[in-house]
Structure formats: structure tokens, C-alpha cells
Amino acid sequence: MPIIAPDARALTDWYGRSARDLPWRRAEFHTVYGAWGTLVSEFMLQQTPVARVIPHLEAWLDRWPTPAAQAAATPAEVVRQWANLGYPRRALWLHRAAIEIVDRHGARVPRDVESLLALPGIGDYTARAVAVFHYGDRHPVVDTNTRRVIARAMDGRSQPGPPSRRDLQRMTELLPADDADSALFNAAMMELGATVCTARTPRCEACPIALQCGWLAAGRPDTGDTRRRPARYEGSDRQTRGAVLKALRDAAGLATPMESVLPDWPDRAQRDRAIDSLIADGLVEASDGMLRLPA
DNA sequence: CACTCGTGGGT
DNA sequence: TACCCAAGAGT
């Protein structure tokens, strides 16, 4: 399989014509909220679809427009505002990150990747997304979309394998030398994967780098999927945790007797296990047999 | 590396 | 209708 790098110019030209108008791509968004806005958007976008994030992001930044404002909130307020975005630990991590930003970075979101990586809830993707999409520095931003584009165009595979550190290295080799060009390239790879080179039904007829795509050249073969099958959600502990936390969010700040949380849940042991794990994560507080969101 | 951790919309 | 999947991170 000959390795042909995507044509960066063709890709960024396409991005200039076709990019979606998303809030965090507007200049005004960066002017008003600075790196904090980008950080919040990236937290929300971790495994939550763009369309569902947008209204929550606007409400969030309206309420907490700076790291200092965020740090002054309580965990209960944060978890309730997170609502049904999913993976509510992200809300706690964002809150803790804000506190560290205030305490250790002068209330300014740090610019260097190492400092960003040291904050809770910030990994390889989010750290570089902030450094690139707000600060404009040159780093490889690798998300699931980017990995799929690389897997198809350069490896001739129908789907990417599991994430690995090699992804970062390969993306680095593709980046244009100029800072601004490389930021555009990062965004364009993600946008291509999100809107054209999609997981299920790719629209190769609309792809700006179709001529360089090894997978298309090979006739779009199904090369198999090396990713593991996700555990069943129905009846899972995750579903139970979600139901418990939703009940406590809906309790509007009042403590709830432990027995009256999901009283009709089929598996009582599973319900208790979910409560215990939520307490261990800091998402729920227990005292005298009562449960509430953490103060 | 393998596994956990929510939620809702699209096909 | 049952999946599939979504700008990942932590352990």
C-alpha cells in the first residue's frame, strides 16, 4: 500500500468553502470568552455530538464566562447545569480544572500543552485542541475523525484501529510548517471526517482528497473492524448510574432518602452499587442515609 | 492494552 | 426495531 499524504492545500481550500458555522469557530467567540470558551467547548464535545453541545455551551458560558466564575461555583451547580450531556464526571473535571487554573495559573487558561495535560479531564486531544484552535500553535490534534481519515486515505482501511500514540506521530508528519496553516489543516481533517468521510456512509463523491485516498482507490473494501464491541448499555451499571444521577438532579437541591432513589429498580444490588460508585466519583454525597448532589 | 464511563438521534 | 455512533479521559 503506497502511502500518499493528503493534499493539505486541497483540504484547507475545501474547509474554507465548506466548514460548518459553529460557535467556537467564530472570531467573536474567542474575543469574548478567550481560551476558556474553547476549553469548555472541548470538554462538552468529548463524546457528545456537536448538535447537542451547542445550546448547552451557550448557557454554560453565559452563567460562567471565566475560569474564576467557574471556580466559585459548587459541584452541585455544575453537575445540574451539565444536565443530560452524558459522562457527568466531565463536569466535575471541568470545575476542578477551573480551580487549578485560578490557583496555579493566575486564572488564565495555560497555553503550553504540558500544563494543559496536567489539568483534570484534559488528555491528548483536548490539550492540543486548546493550544491549536485558540492559541494558534502548531501541534497535532487527533480525534476520532482525524484517525478515520488517516486510516482510509493512507492505510486503505475502512475503519481506524483503537487510538494509540502512533496517531500523534503520524499526524505530526502531515502538518504544514506554518502555524496558521497547520491549525487549518487540523480543523479540516476533523471536519472532513465529521461531514464527508463519516463512519457509516462516507460521501466520497464530495471528498476533496479523493484522488489521494488509498481506500477509495482500492474500491472501498471492508477491511474489518479491529475495534472491540461495546458492552450492552441496557441493564448496565452505566444506565443505572445515569438514572440515579438524573433523579438527584431533578430533586432540585433537596436531599433524598436513599431508599426513595429508584425505588422500583429491578436489581436492588445494582442500584446500591451505582450509588456507591457515584459517591466514589464525587458526583453524589451521602449523609445520614440521605443523598444529594455534592455541595 | 482493555475496560469503564451517558445520552439521544440517525439508519 | 436494534443497533451504530458521537471533537475522549482515566485507571
Side-chain angles (χ1 to χ4, degrees), chain A residues 15 19-20 22-25 37-57 79 82-94 96-97 116-134 139-150 158-168 171 183 186-195 197-203 225-249 273-274 276-278 280-284:
Chain A
Y15 181 77
R20 294 166 292 173
L22 302 174
W24 46 89
R25 289 178 176 166
T38 302
L39 185 61
V40 173
S41 73
E42 296 299 348
F43 261 90
M44 290 185 173
L45 288 163
Q46 293 170 3
Q47 297 287 284
T48 300
V50 165
R52 199 141 56 92
V53 161
I54 290 173
H56 285 276
L57 176 65
V79 169
W82 196 258
N84 61 343
L85 279 173
Y87 292 144
R89 291 188 295 187
R90 288 181 291 165
L92 288 184
W93 289 335
L94 176 57
R96 292 170 190 163
L116 287 162
L117 282 172
L119 296 170
I122 297 186
D124 288 326
Y125 166 76
T126 303
R128 290 173 177 81
V130 170
V132 170
F133 298 137
H134 179 74
H139 303 285
V141 182
V142 178
D143 76 330
T144 184
N145 294 305
T146 300
R147 294 196 310 106
R148 186 170 52 249
V149 172
I150 290 176
S158 51
Q159 299 292 343
S164 82
R165 306 215 69 79
R166 212 171 95 78
D167 302 327
L168 276 178
M171 186 64 177
N186 277 309
M189 288 284 279
M190 290 174 61
E191 184 73 356
L192 187 69
T195 64
C197 193
T198 52
R200 207 92 63 92
T201 313
R203 302 186 300 114
D225 194 335
T226 60
R227 297 169 301 178
R228 68 185 180 82
R229 289 274 296 279
R232 181 171 184 79
Y233 181 68
E234 196 66 29
S236 68
D237 285 3
R238 289 162 71 178
Q239 182 188 41
T240 313
R241 282 169 54 104
V244 168
L245 201 60
K246 171 170 171 50
L248 294 180
R249 283 199 310 264
R273 194 163 61 242
D276 286 344
S277 73
L278 287 166
D281 286 347
L283 284 162
V284 170

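Naming convention: chains lettered A, B, ... in sequence-line order (proteins, then strands); numbering from 1 in each chain.
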Visitor: A:Arg232 or A:Leu45: which one's nearest nucleotide on DNA chain C is closer to the 5' end?
Guide: A:Arg232

Visitor: My understanding is that only residues two or more places apart in sequence, or in another chain, count here; which of them pass side-chain hydrogen bond (donor to acceptor under 3.5 Å, both in side chains) with A:Ser41?
Guide: none

Visitor: For A:Gln46 and A:Tyr125, does a side-chain donor sit closer than 3.5 Å to a side-chain acceptor?
Guide: no

Visitor: Quick one: on DNA chain C, does A:Gly121 or A:Ala194 contact a more 5' nucleotide (nearest heavy atom)?
Guide: A:Ala194

Visitor: Can any side-chain N or O of A:Arg249 pair as donor or acceptor with the backbone N or O of A:Ala83 at less than 3.5 Å?
Guide: yes

Visitor: If you look at every strand shown and take non-hydrogen atoms under 4.0 Å, does A:Ser164 touch a base, only sugar-phosphate, or nothing?
Guide: nothing

Visitor: Work out how far the P atom of C:dA7 is from that of B:dT11, and round it to whole angstrom.
Guide: 14 Å

Visitor: Reading nucleotides 4-11 of chain B 5' to 3', which nucleotides get B (base under 4.0 Å from a protein heavy atom), which S (sugar-phosphate only), which -?
Guide: BBBBS-B-

Visitor: Please state how far atom NE2 in A:His139 lies from atom C1' in C:dA7, giving the value in whole angstrom units.
Guide: 17 Å

Visitor: Can you tell me how far apart CG (A:Leu119) and CH2 (A:Trp93) are? Round to the nearest 0.5 Å.
Guide: 13.0 Å

Visitor: Select base, sugar-phosphate, or nothing to describe what A:Thr126 touches, counting heavy atoms under 4.0 Å on all strands.
Guide: sugar-phosphate

Visitor: For A:Arg128, answer base if it contacts any base atom (sugar-phosphate contacts may also be present), sugar-phosphate if it contacts only those atoms, and nothing otherwise; contact means non-hydrogen atoms under 4.0 Å.
Guide: nothing

Visitor: Measure from CG on A:Asp143 to P on C:dC5 and round the result to the nearest Å.
Guide: 15 Å

Visitor: At less than 4.0 Å, is any side-chain N or O atom of A:Arg148 found next to OP1 or OP2 of C:dA6? Yes or no.
Guide: yes

Visitor: Output the rounded distance in Å from CD (A:Glu234) to C1' (C:dA2).
Guide: 11 Å

Visitor: Can you measure A:Met44 atom CE to C:dA6 atom C1' for me and round it to whole angstrom units?
Guide: 16 Å

Visitor: Taking atom types as modelled, is there a side-chain donor on A:Asp237 or A:Thr240 under 3.5 Å from an acceptor on the other?
Guide: no

Visitor: With distance as the sole criterion, is a donor-acceptor pair present between the side chains of A:Arg241 and A:Ser277 under 3.5 Å?
Guide: yes

Visitor: Expressed as a whole number of angstroms, how long is the span from A:Trp93:CH2 to C:dG8:P?
Guide: 14 Å

Visitor: Under 4.0 Å, heavy atoms only, any strand: does A:Trp82 hit a base, just the sugar-phosphate, or nothing?
Guide: nothing

Visitor: At what distance, to the nearest 0.5 angstrom, does CG of A:Leu192 lie from CG of A:Asn145?
Guide: 9.0 Å

Visitor: Could you check how far CD1 of A:Ile122 sits from C1' of C:dA7, rounded to whole Å?
Guide: 14 Å

Visitor: With a 4.5 Å heavy-atom cut-off, do A:Val79 and A:Leu283 have their side chains touching?
Guide: yes

Visitor: What does A:Ala129 touch in the nucleic acid at a heavy-atom separation under 4.0 angstrom: a base, only the sugar-phosphate, or nothing?
Guide: nothing

Visitor: Base, sugar-phosphate, or nothing: which does A:Pro120 touch, judged by heavy atoms less than 4.0 Å apart?
Guide: sugar-phosphate

Visitor: Could you state the atom-to-atom distance from CE of A:Met190 to P of C:dA6 in whole Å?
Guide: 12 Å

Visitor: Please give, in whole Å, the distance from C:dG8 C1' to A:Leu92 CG?
Guide: 16 Å

